[in-house]
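See below for the structure under consideration.
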Amino acid sequence: MLSKILQERIYSLAILLIVVTIVASVIFPNTFPTFENLSQILLNLSTDTIVAVGMMILLISGVFDLSVGSVVAFAGCLTAYVLHFLNLPVPVAVTIGILASVFIGWINGYLIAYQNINPMIQTLAMLGIVRGLALLASGSAIQNLPYWFNAISQSKLLGVQMPVWYMLLTIILFTFLVNKTIFFRRYYYIGGNEKAADLSGIRVKKMKVIAFMLSAGLAGVAGVLLSSRLGAALPTMGRGLELRVITAAILGGASLSGGSGKIPGALLGALFMALIANIMVISRVSGYWQEIILGIILIGTLWADKVLQKRFSKI
Amino acid sequence: MLSKILQERIYSLAILLIVVTIVASVIFPNTFPTFENLSQILLNLSTDTIVAVGMMILLISGVFDLSVGSVVAFAGCLTAYVLHFLNLPVPVAVTIGILASVFIGWINGYLIAYQNINPMIQTLAMLGIVRGLALLASGSAIQNLPYWFNAISQSKLLGVQMPVWYMLLTIILFTFLVNKTIFFRRYYYIGGNEKAADLSGIRVKKMKVIAFMLSAGLAGVAGVLLSSRLGAALPTMGRGLELRVITAAILGGASLSGGSGKIPGALLGALFMALIANIMVISRVSGYWQEIILGIILIGTLWADKVLQKRFSKI
Amino acid sequence: MKHLQLNHISKTFPGVKALSDVTLSIHAGEIHALCGENGAGKSTLMNILAGNLQPDEGTIVLDQLTQIIRSPQNAFALGISIVYQHLSLIDSLNVAENVFANDHPVNKFGIIQFGKLYEKTSLLLQRLKLDQITPNTLVSSLSPAQKQMVEIAKALSQKPAILILDEPTASLTDKETRTLFEILQKLKKEGVAIIYISHRLDELFILADCISILKDGKYQGTFLKQNLTKASLIKLMVGREINSLKSESYRQIEILLSVKNLSGQKFHNVSFNLHRGEILGLSGLVGAGRTEIARAIFGADKIESGDVVLNNVVLNTNHPFDTISKGMAYVPEERKSLGLFSEMSVQDNITVTHNNLTSHIYNATEAAQRSVELKDKLKIATTNVQQKVVNLSGGNQQKVVLAKWLLTNPEVFIVDEPTHGIDVGAKFEIYELLKSLASQGKGIIMISSDMPELLGLCDRILVIKKGTLAGELSSAEATEEKLLTLSTY
Amino acid sequence: RSSTEVVKQSIDTEEIKTKNEEYVMVTTAVTMPMYVNHDQAAFKKWGEANNVKVSILGPAEWDVPAQINTIEEVIGTHPSGLLINGTDPALAQVINKAVAAGIPTVVYDSDIPNSNRHAFIGTDWYEIGEMQGEEMVKLINGKGKVAYMGILGLNNMEAGFQGMLDVFKNYPGIELVGKYDDKANVEEAARITSDVLSAHPDLAGVCGFDSNSGPGIALAVKESGKAGRVKITTVDWEPEHLALVKEGTIHMLAGQKRELFTHYGAQFLYDMVHRTNRLSQSDLKAGITSIPYIVNTGLIKITKENVDSFLNNRE
Ligand SMILES: Nc1ncnc2c1ncn2[C@@H]1O[C@H](COP(=O)(O)OP(=O)(O)OP(=O)(O)O)[C@@H](O)[C@H]1O
Ligand SMILES: Nc1ncnc2c1ncn2[C@@H]1O[C@H](COP(=O)(O)OP(=O)(O)OP(=O)(O)O)[C@@H](O)[C@H]1O
Ligand SMILES: [Mg+2]
Ligand SMILES: [Mg+2]
């Protein structure tokens, strides 16, 4: 039983998160377990998590995308540009922003799957290109965006800001899709053994392209939400997000070699890092030490995970 | 014949480099092909290349290390710290700096190979930790270092600054080792098929740890050289270097899945990117187009490479 | 070495007791055959000898000295070398570097002497009569049979005192098999102890001095070849008689599939018809291009010219998906790299194609049901269908690959070396399976290098030579000799 | 190198210069919106006004060694004048190299005192810190919890921190709750701020030191519903900053007159090249420069009172 739980990263991680939360609540009873703090934590990780879902699907099928951080900025800036300079209605602008992101995903996917260009270089190069485009679109920041656009992220439901709900929606939706639909389950086969998947009648290349489009699309959504939340579109948004997100996904059970990972893992991984950061601030760890301690905790966690697995698989 | 050349990345890349050089020399006759400019290009890529050699060996054996950029900063800052605050003699300080880096490599290697912790997260976490240590060691920057320390990189030989020579030395040395000694050949087996390598009696784990120590050590050397060249140790040195270096290595023929790559490829890959950058400086491509153009060129190159391979493999 | 003694070896894996209290003794200069059903524990026992696995109980005694073999390095040091059932070659390197993995010839400075390396390798290759490959050919460009031979060369390069071969002939054709046997006989005379695992029982009676039998991880005894008949051996292995193939034909007049002037990378203008209920054999030497023809028909490789006509409609396919949905199935030769999702469960492996074709929503309970049914139908030996496929024995893995095609209920089965590494029992089960499929009016194209099975099973046999159709023989006229002549001269 | 050589070289370079005259600006983080909209915009404008060629070069990320590499490569192309962003003291050597090559060299923004630059025009980051400190003291009338953030490890920013801390020294009522690294990233700044807010519900003020700090801090404070109550001072006056001052979330901006840096910086170079004001019959022989040695442009203090005039100026 216990060994089963430890085998599944999302369960072991979930347990760990519960433990951390309880401990933190005991030590910092009147700062940590407050509604404001917890809802704010969720709000702050909503962007990362939405992107992480797309990344998780890519990782399941054995690839990854380094350009998502730039796409976040690009989508936000392009949408803002369309709103501000072309005065198109909000829905249109948002659609344009997201479609443009999907298109970027298509380019990555096509060149990687059909022209088999190395994914690492392809998406790294795209990172630079798209960041540049974001800059060209926005010049500096684009300000005073229409009320209805800002409303997307700034309005609240049950006292919690919308991005949190969008995030949860994304998680639930894709958890369902990946567990229950044949279409998405194919990604496990592709990640498991590409050639075998092909010989079993799975159109591997097409599926990969779709995965890239999907993950870029989600990055686009995240970008729109973020700039709506900021009430401005900054070309500097989403810097270094790609590595944060990949880390979250891997923490959540994915692996660069593909075939493994579950959607909720994306949320749990991001949540874990956010909690640690939050607790460090609450316990007054100074800036210099934060990275060091976060790093040590990350490694320590994975290490403990392995050790426990060994221990209990014996039983 | 031609198809053979195109199969081997280092040859096709070498040819490409020659073409680029010729073209650039024709377009910018009195700025590009000058001795200063060319030696300057080499000097500027010396740091990356030395690190790239270590990364190449890691990639050959199927792993990679994201913490090298931070190690560069760390080694520089620690050495400077030892020189400046403990006033130890230069050789001692340099040794300390490099040994410390090797130790970091050992930690990475040990946890990845023996505790099989995910290399991505392990080295990413280490990136944060080591960057933090560099900050602690140096504050903002350590200035006016002893003359003999600066001499390491600032002195010249045949009118060319030392780091270029160290770089060439590294390349030649490791090209020889990797081609001619069983010890380093093993990394091709490990990267090609880890299980099979193990069955063939290769101590895979031990070899991996050594690879990580080696690459961290080279990053340490690069850090010392860089801070000696700057005459100062900055905690911000080597930011984003890891991705640049991995890109260079992959351009040079390595692949994330391991088993392929040749040492000279590290130099050629770095040289290619340096040439593009230099030409953009000379032709005064304004700053915010650089990334876009570099990205497009990178993708274009790899794509052309694939197309040509297909074309000629048919003949 | 004179004498190797295994005492009371036991090994348990999560869920299975692979070996229980196995005692075995092997002498220098003898060829000691080891046989047993799939999953009997043969490979496990050999992996213990080779230092890849540690026994839970029991000791290994070499010349009166108890040895603990912790790692492959230990094994080499003791003069034990092994040809693994699953290839242990590195595709990205050339033949020479694979053969002398980790013990390249070096000078006194530890510098590799590539000259020597290539000499030594080409000598070995000559010994194995592998004239068509050179020391610097990339392993990735070899056919499975050639890979197997290189694997053997690798083991020989160790100059072993104890040589273990785990189903070496599974992917070999007669030509190489003969060469191998000659070499083994020579080694035997030189006093090497040879442990030989195979599911091809005829071989054992040609080659072995004595035969030991494992059943469900238990030692069944060692017998001199003379004291055994094939029947009695099978009875010891399987625990029941196996009635030989009843070879009635289900061939109908109606043509199911016809291949017209098909040309591709490695084959040119191949034409033939496949009738309903027919089992059509493809024979030929290694590298003849049979697999390529199969892949092309199945839509996995590009067709340069020619047509594939199924039920009188021309298929224009650019992906297996099309052929599968039109009712074709392909069991690839290279089980591990092309057929299986090793890290996934038996259930996921069996249901992959089915899911891909049918509904859009995944129904876990149905998938479980279906896979359990097939597990029982094909007698796949595994604790449960959630077990990872890697943990299954070679034979059972092959059954999993077959099972996944039974779900899509195809009309044309293309099976490439379907009985590689499969025990007699299972082999006959698979023959039965193919027969019953034929009786249901399905068409079957069977690529095999095991001539007896071709002769026993097929209604017609096509011989492929250097990518062209060299001849056709009806089951009546076909004999091993005729097949060989057609495929060589 | 003896001074006479310097003279000869610079004199014969002069002929070329007035022929194809070009002024090159080299910064780091060339794509940072603040740089683009102030420094670079003014520099371009100046170029058009005097119809001389101006070029803007430098790495896209904050990467001092890369800026140095660029300068080195530019020196090889002998521009008429060099305008260098004084990002770090480590620039000293390359600046000296430029000067030795006879290229008029002006440093802007932060001074590089230990170099032979011909002139410096900019501000003292220490003063920026002081200004923020004093304003914050006023805003929270000398007591309460204060947090501050920026990019740790950057020379000018550390100077800024120091300036602020030295002010706070005299106010025992002020409690510093932490120094944080927002990595020039809005999301990061927001995350840190909201964590700090939950840790210290009674937080009085936050000081931000890079251009992404402001928007991030403001976002978190707004989302926690404490806008206006938690006092915010920060640097830069991008549109988003101004908007936030206007709405009363940010209370003071310590702005620099960046347009002046590059406008006058370029003008100095121009005057040097054209010897507009000769003080001797060869200023170089005399070893003097005919331009101001140090110019401090002073700071601008933007609060709710005067923000409109800046806003309108932009729109
Ligand atoms: N790593 C493993 N984990 C779990 N079970 C295993 C593992 N390796 C083997 N087994 C099980 O141990 C039993 C013996 O396997 P083994 O490979 O030795 O059989 P075998 O005699 O070689 O069969 P075959 O003739 O098909 O190769 C099988 O039931 C197999 O499922
Ligand atoms: N495109 C491909 N992808 C993967 N494997 C391939 C591909 N093409 C051929 N192969 C493999 O390469 C091997 C070489 O095929 P070969 O030309 O020897 O045909 P063959 O006559 O089937 O040889 P054999 O007698 O070994 O079956 C085949 O076993 C096949 O599995
Ligand atoms: Mg076996
Ligand atoms: Mg074949």
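As the structure is a computational prediction, the values presented were derived from the model and not from experiment.
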Taking every non-hydrogen atom, the tightest pair across [X] and [Y]:
X	Y	answer
D/Pro33	A/Thr236	CD-CG2, 3.9 Å
D/Ser194	A/Gln40	CB-CG, 3.2 Å
D/Tyr180	A/Val285	CE2-O, 3.9 Å

Sub-3.5 Å donor-acceptor pair from the side chain of D/Glu187 to the main-chain atoms of A/Gly238, do we have one?
yes

Checking D/Asn185 side chain against A/Arg239 main chain: does a donor-acceptor pair fall under 3.5 Å?
yes

Between A/Asn37 and chain D, with a heavy-atom cut-off of 4.5 Å, which part of the residue counts as in contact: side chain, backbone, both or neither?
both

Identify which part of A/Leu226 has an atom lying under 4.5 Å from any heavy atom of chain D, answering side chain, backbone, both or neither.
side chain

Within 6.0 Å of [atom1] in [X], more than 12 heavy atoms from elsewhere:
X	atom1	answer
D/Tyr126	OH	yes
A/Tyr147	OH	no
D/Lys45	NZ	no
A/Tyr166	OH	yes
D/Lys246	NZ	no

How long is the gap from CZ on A/Arg284 to CG on D/Leu176, to the nearest 0.5 Å?
9.5 Å

Who among [options] has the most heavy-atom pairs with chain A under 4.5 Å?
options	result
D/Val177, D/Leu152, D/Val36	D/Leu152
D/Ala199, D/Gly153, D/Ala243, D/Gly178	D/Ala199
D/Ser198, D/Ala190, D/Pro215, D/Pro201	D/Ser198

Pick one of side chain, backbone, both or neither for D/Val196, based on which atoms fall under 4.5 Å of a heavy atom in chain A.
both

Side chain from CB out, backbone as N, CA, C, O: work out which of these in D/Ala60 comes under 4.5 Å of a heavy atom of chain A, or both, or neither.
neither

Do [X] and [Y] make a side-chain contact, defined as non-hydrogen atoms from C-beta onward lying under 4.5 Å apart?
X	Y	result
D/Asp195	A/Ile282	no
A/Gln290	D/Asp181	no
D/Glu223	A/Glu36	no

Top contributor to chain D interface from [options] [non-hydrogen pairs under 4.5 Å]:
options	value
A/Leu230, A/Thr34, A/Thr47	A/Leu230
A/Leu241, A/Leu45, A/Ile41, A/Leu43	A/Leu43
A/Arg229, A/Gln154, A/Met280, A/Glu291	A/Arg229

